[in-house]
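A short write-up of the structure that comes next.
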Amino acid sequence: MRQAVILYLLVVFSPSIRILPIYAAKTGERAGWLMPVFSILPFICLVYIIQALFKNNKEANLSDIIFKTFGKTFGRVLLILYLIWQMISLGILIRNFSEKFLTSVLPNTPMNFFTVTILAVIFYATRDGIVYITRTTEFLFILFTGIFVSLFIFTTPNLKVINLFPITPYDVLPLIKASFFNTSLWSMFTYIFFFGDRINDKEHIKRFGIQGAVYLLITTLMLLIQTIGVYGYSIIKRASAPYIIAVKSISLLRTIERIESVFVTSWAIADFVPISVTIYIIVSIIKSLFSLSDEKSLVSPIVIFAFIFSQYIAHNSFELENFSNYIILPTGIILGIVFPLIIFIIGKIRKTI
């Protein structure tokens, strides 16, 4: 369970850095850095819901819980919805990976170069299952946390208090609105349990989930303070890569500059985790839908689909942003929080949980 939470935290790491500063600046403006404070309570509620779902089903995964609660027919319908959404999410993750490098590092490189590169690495990794990915993730988690904290410390001389204050009661409603996007992103915690049959110690979901919540709260606050605090919300809401431009402001002892190259490299490696985990979630759902036993044979067609779908999901980064605002936000909350709550309520009524 501890490893599963670490896996989840790295799944959230990359999209948080890419999206949250822009959304917080647009919606919450100067007070946007407080956005995660309004998201922490829904996430803790989700942790308690997941704990309750698996209290008497410690060897099951989320697909098993769905079948047990709704029966085979309605359970399959719900699983197909989750499967479609994860396939869409996979295409978006891969496209965002390519777009990120096109806009920040190598603008004249064909996009397919980045897509093929990341999919080749992930295809090799995912064929051996989630265990090897999880072991790698434990090391990467320590590495990324160290880099992230170090870059925050190096940025503090450039922070401007006027970009973060004053905060008034009128900021509460915009912050609540901004928190919906953050809540949608954090609700990815639910999807980890589609391979819950591979997770031991699920009786400690609440314990490690709360620890993960504290980590998310602290690191997200640091992220938003670092971006909005350096350049102000008016610049951050228009930036395509706000965290990178914040890191570019770092100059150590007037001799070490362009330290953002260290971050860009680590960010590229970080994208390996959410894409790999999403592929494994898709594999787990398909296995449950069709009662399959072989995992390796499913990876190849999923990777091929991901390559094709990522080419056509959007024409440019602006369409991806609109898709995130109008589709990903509400769908993430519905599938990640609302549906688990419905499963819990119906399960209690039918006494299957």
Side-chain angles (χ1 to χ4, degrees), residues 8-9 11-49 85 88-89 92 96 159-191 212-243 245-246 314 317-342:
Y8 159 73
L9 293 175
V11 166
V12 174
F13 176 84
S14 182
S16 295
I17 284 178
R18 185 181 64 253
I19 300 172
L20 289 187
I22 299 173
Y23 200 83
K26 282 183 178 179
T27 312
E29 297 187 346
R30 181 178 282 106
W33 62 277
L34 286 172
M35 179 179 68
V37 174
F38 290 81
S39 303
I40 195 68
L41 182 59
F43 178 74
I44 291 175
C45 291
L46 176 61
V47 170
Y48 275 84
I49 292 171
W85 182 241
I88 293 173
S89 300
I92 294 170
N96 278 326
L159 294 177
K160 300 175 183 177
V161 176
I162 195 173
N163 290 332
L164 302 173
F165 295 98
I167 296 171
T168 70
Y170 297 103
D171 294 316
V172 173
L173 286 179
L175 284 172
I176 292 175
K177 182 180 177 181
S179 69
F180 280 106
F181 197 95
N182 199 31
T183 302
S184 177
L185 181 62
W186 288 2
S187 69
M188 294 169 70
F189 184 72
T190 299
Y191 309 139
V214 174
Y215 180 91
L216 284 175
L217 176 63
I218 295 173
T219 53
T220 307
L221 281 172
M222 291 169 62
L223 168 66
L224 298 179
I225 290 172
Q226 188 173 1
T227 49
I228 297 175
V230 171
Y231 287 105
Y233 74 90
S234 59
I235 293 177
I236 294 300
K237 70 181 182 180
R238 295 180 175 89
S240 59
Y243 190 77
I245 67 170
S317 58
F318 299 105
E319 289 188 4
L320 281 175
E321 182 180 346
N322 288 332
F323 188 85
S324 298
N325 292 336
Y326 299 113
I327 304 297
I328 292 180
L329 191 157
T331 306
I333 291 177
I334 291 171
L335 293 181
I337 296 180
V338 176
F339 277 11
L341 178 60
I342 292 174

Separation between CD1 (Ile328) and OG1 (Thr331), nearest 0.5 Å, reads 8.0 Å

Heavy-atom nearest pair, Tyr231 first then Ile235, reads O-CD1, 3.5 Å

Subject >> Non-hydrogen side-chain atoms of Leu223 and Pro21 separated by less than 4.5 Å >> reply: yes

Rounding to 0.5 Å, atoms OG1 (Thr27) and CG (Leu173) come to a distance of 12.5 Å

When every non-hydrogen atom of Pro42 is compared with those of Thr183, the smallest separation belongs to CB-CG2, 3.9 Å

Between Leu185 and Ser16 the two heavy atoms that sit nearest each other are CD2-OG, 3.1 Å

Point to revise | Short side-chain to backbone donor-acceptor contact, Ser184 and Leu329, under 3.5 Å | key: yes

Check your understanding: Does the Asp171 side chain pair with the main chain of Ile167, one donor and one acceptor, at a distance under 3.5 Å?
Key -> no

- Query: Do Trp33 side-chain atoms and Leu164 backbone N/O form a donor-acceptor pair below 3.5 Å?
  - Reply: yes

### Query
Hey, does the side chain of Thr227 reach the backbone of Tyr243 with a donor-acceptor pair shorter than 3.5 angstrom?
no

Closest non-hydrogen atoms of Leu216 and Val12, given as atom of the first, atom of the second and distance, are CD2-CG1, 4.1 Å

NZ of Lys26 to CD1 of Ile22, rounded to nearest 0.5 Å, is 6.5 Å

Residues passing the side chain to side chain donor-acceptor pair (under 3.5 Å) test with Trp186, sequence neighbours excluded, are Asn182

Output for pair (Lys177 NZ, Tyr23 OH), nearest 0.5 Å, gives 6.5 Å

Correct closest heavy-atom pair for Leu224 and Pro36 would be CD1-CD, 3.6 Å

### Arg30 side chain to Ile162 backbone, donor-acceptor under 3.5 Å
yes

I'd like to know if the side chain of Thr190 reaches the main chain of Gly336, judged simply by a donor and an acceptor atom lying under 3.5 Å from each other, with no hydrogens or angles considered. yes

Of all heavy-atom pairs linking Gly32 and Ile228, the shortest is C-CD1, 4.1 Å

Checklist entry - Within a strict 4.5 Å, meaning less than it, do heavy atoms of the Val47 and Phe43 side chains meet? => result yes

#### Entry: Phe339 side chain reached by Ile342 side chain, heavy atoms, under 4.5 Å
yes

Taken to the nearest 0.5 Å, the spacing of Leu175 CG from Leu34 CG works out to 6.0 Å

Side chains of Val230 and Lys160: does their closest heavy-atom pair fall under 4.5 Å?
-> no

Is it the case that the side chain of Ser39 and the backbone of Ser179 share a donor-acceptor pair, with hydrogens and angles ignored and the cut-off at 3.5 Å? yes

dist Ile236:CD1 -> Gln226:CD (nearest 0.5 Å) comes out at 10.0 Å

